[in-house]
Amino acid sequence: MFEARLVQGALLKKILEAIKDLLTEASWDCAQGGIQLQAMDNSHVSLVSLTLRSDGFDKYRCDRNLTMGMNLASMTKIMKCCGNDEIITMKAQDEPDTVTFMFESKNGDKISEYEMKLMNLDQDHLGIPETDYACVIKMPSGEFARICRDLSQFGESMVIACSKNGIKFSTSGDIGTGNVKLAQTSSVDKEEEAVIIEMQEPVTLTFACKYLNNFAKATPLSPVVSLSLSPDVPLVVEYKIEDIGYVRYYLAPKIED
Amino acid sequence: LRKQASITCFFRKK
């Protein structure tokens, strides 16, 4: 038997919004320690890795490890039936064919239940090597979303260049060029408003704007995003999810032909 | 010219 109750049901709604445009379907792997999801987009350019720890749920029970293959468009339909202030409980039997989503209003006088058919997904899991990144940037997630949105008007690719002086995002296309430079913050009142750069060596890499814009759909999950870069390896874009876990996006760079 | 790399070039199947 599997049961996971989340009083802050809006978090699960936001998580789904953060992955549903990138992934058509995905396996939710449930174990005693929590729920994990790892999936590539259809083009195999990016990878989503989601971890929700069991201790972040208000109630969590998982007697046997189980994998629930879900169509994310179907799950989105169900999540639209859940109010932002409602409590979500996910339930499934051992070796399940279906998963049940139960939504409770805060005062308990309305309970909705939706049962969704599961899919058999033969998804490969990829091993993500431990990496000491050359540059790790922490910045306000809203600022990152804004930069991705602004620069993607000009070209399909964005160059991210990080040095000790700061970080520069740039693009070029038919109508011209654009760039945004962010300096490391010297002093801030609020930590989540800071731009913090931890740099071992400078890095310049090129990425597809389309994917970065997709990752930015996780912005409502966290005020801060971290970008980890090293030469010739995928970029990691991480959003922490309150006290429960994180969503990480890995994006393969554009490389010299 | 740059071409888009695949994520599977970097991360191997488990």
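Values in this document were obtained by computation on a predicted structure and should not be read as measured data. Side chains are part of it too, since the values below use all heavy atoms of this structure and drop only hydrogens, waters and symmetry mates. Chain letters run A, B, ... following the sequence lines, proteins first and then strands; every chain starts at 1.
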- Task: Might you confirm whether atom NZ of Lys138(A) has over 12 heavy atoms from other residues, nucleotides or ligands at distances under 6.0 Å?
- Result: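 It does not: Lys138(A) NZ has 12 such atoms or fewer within range.
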
TODO: Name all residues meeting the ring pair (Phe, Tyr, Trp, His ring centres under 6.0 Å) criterion together with Phe154(A); count only those two or more places apart in sequence or in a different chain, and write none if there are none.
DONE: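 Not a single residue meets the ring pair (Phe, Tyr, Trp, His ring centres under 6.0 Å) criterion with Phe154(A).
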
Sorted by chain and residue number, the ring pair (Phe, Tyr, Trp, His ring centres under 6.0 Å) partners of Phe2(A) (sequence neighbours excluded) come out as Tyr60(A)

Could you list every donor-acceptor pair linking chain A to chain B (distance under 3.5 Å, backbone and side chains)?
| from | atom 1 | to | atom 2 | distance (Å) |
| --- | --- | --- | --- | --- |
| His44(A) | O | Ser6(B) | OG | 3.0 |
| His44(A) | O | Ile7(B) | N | 2.8 |
| Asp124(A) | OD2 | Lys13(B) | NZ | 3.4 |
| His125(A) | O | Lys14(B) | N | 2.8 |
| Gly127(A) | N | Arg12(B) | O | 2.8 |
| Ala252(A) | O | Gln4(B) | NE2 | 2.8 |
| Pro253(A) | O | Ala5(B) | N | 3.2 |
| Lys254(A) | O | Arg2(B) | NH1 | 3.3 |
| Ile255(A) | N | Lys3(B) | O | 2.8 |
| Ile255(A) | O | Lys3(B) | N | 2.7 |
| Glu256(A) | OE2 | Arg2(B) | NH2 | 3.3 |
| Asp257(A) | N | Leu1(B) | O | 3.1 |

Note: Lys168(A) and Lys181(A) closest approach over all heavy atoms is CG-CG, 3.9 Å

**Prompt:** With distance as the sole test, does Gln153(A) use its side chain to make a donor-acceptor pair with the main-chain N or O of Asp150(A) at under 3.5 Å?
**Reply:**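 Judged by distance alone, yes, a pair lies under 3.5 Å.
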
With chain B, the option among Leu126(A), Leu47(A), Ile128(A), Leu251(A) that has the most non-hydrogen atom pairs under 4.5 Å is Leu126(A)

Sequence neighbours excluded, the answer for side chain to side chain contact (heavy atoms under 4.5 Å, CB included) partners of Cys162(A) is Cys135(A), Ile137(A), Ile197(A)

